[in-house]
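Reviewing the structure listed below.
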Amino acid sequence: MILVWGLILFLVIALMFVPKRLTLRENLIMFPFVGYFGALAHVLVGLMLDYVDFGPTKGVEVSDFALVAFAPSFIALLYLNIIKPDKPLFYVLIWTVLSFFIELLLSFNGYMKHLEWKIWYSLPVYLVAFLTLHWFFQHVVRNGSKSS
């Protein structure tokens, strides 16, 4: 549980120190958008299909909620603030590896238990997620706000 709160604290501190490339409006759009899909993925994969478990019990605890609700959104905001438009694939690969490393750390720590879900299944999921996130942000959020 300390690992989860430490991760969230680290992500919040990192967000304070990265260059701010997103506007307040873009942050306010992306934070709940990513949080919603993170929660949806958790409900589908973790609760309905029971492929992974978080925490010491089968129930949803405060630390589970914090991990699912905030960590994906903070990671996405860090990614979107750091990514450079001229090398999107490079950043997608780096963030895929970083996200996989976070999952690996949670797994080795015993906080995340992979049941039917093999940990390496997450690599293509992260790859698609970051590619989709980049595309959605560039084409819908950023360019969509310029046309209004």
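These numbers come from a predicted model, not from an experiment.
Across all non-hydrogen atoms, the minimal contact from Leu115 to Asp50 is CD1-O, 3.4 Å. Leu127 and Leu93 get closest at one heavy-atom pair: CD1-CD2, 3.8 Å. Listed here is the closest heavy atom pair of Tyr121 and Glu116: CE1-O, 4.0 Å. The two residues Gly38 and Pro72 make their nearest non-hydrogen contact at CA-CG, 4.5 Å.
For the atom pair CG of Leu104 and CG of Asn109, the computed distance is 11.5 Å after rounding to the nearest 0.5 Å. Interatomic distance, CZ of Phe17 versus CD1 of Ile13, reported as 7.5 Å (0.5 Å rounding).
Within the 3.5 Å criterion, the main-chain N or O of Glu103 finds no donor-acceptor partner in the side chain of Ser107. Side chain of Tyr111 to main chain of Asp64: a donor-acceptor pair is present (N/O by atom type, distance under 3.5 Å, no hydrogens or angles). For Lys20 (side chain) and Met16 (main-chain N/O), a donor-acceptor pair under 3.5 Å exists by modelled atom type. Proximity of a side-chain donor or acceptor of Lys84 to a complementary backbone N or O of Tyr91 within less than 3.5 Å is not detected. In this structure, Asn81 contributes its side chain and Arg21 its backbone to a donor-acceptor pair below 3.5 Å. A donor-acceptor pair under 3.5 Å links the side-chain atoms of Ser73 to the main chain of Gly35, judged by distance alone. Between the side chain of Tyr79 and the backbone N or O of Phe130, at least one donor-acceptor pair lies under 3.5 Å. The main-chain N or O of Gln138 is found under 3.5 Å from a side-chain atom of Asn143 such that the two form a donor-acceptor pair.
Residues Val125 and Val97 fall into different hydrophobic clusters, defined by Ile, Leu, Val, Met, Phe, Trp and Tyr side chains chained together at heavy-atom separations under 4.5 Å. Taking hydrophobic clusters as Ile, Leu, Val, Met, Phe, Trp and Tyr residues chained together by side-chain heavy-atom distances below 4.5 Å, Phe101 does not share a cluster with Ile94.
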Review point. Do His42 and Phe54 pass the ring-ring contact (aromatic ring centres under 6.0 Å, His included) test, and can you show the C-alpha distance, the side-chain angles, and the key distance before you say yes or no?
Key: CA-CA 10 Å; His42 175 67; Phe54 290 112; 5.0 Å; yes

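Relative orientation of the Phe33 and Phe136 rings is parallel, given thresholds of 30° and 60° on the angle between their planes. Using cut-offs of 30° and 60° on the angle between ring planes, the pair Trp135 and His139 is parallel.
Within 6.0 Å of the CG atom in Leu9, the count of heavy atoms belonging to other residues, nucleotides or ligands exceeds 12.
Remark: aromatic rings of Phe74 and Phe31 are close, center separation under 6.0 Å.
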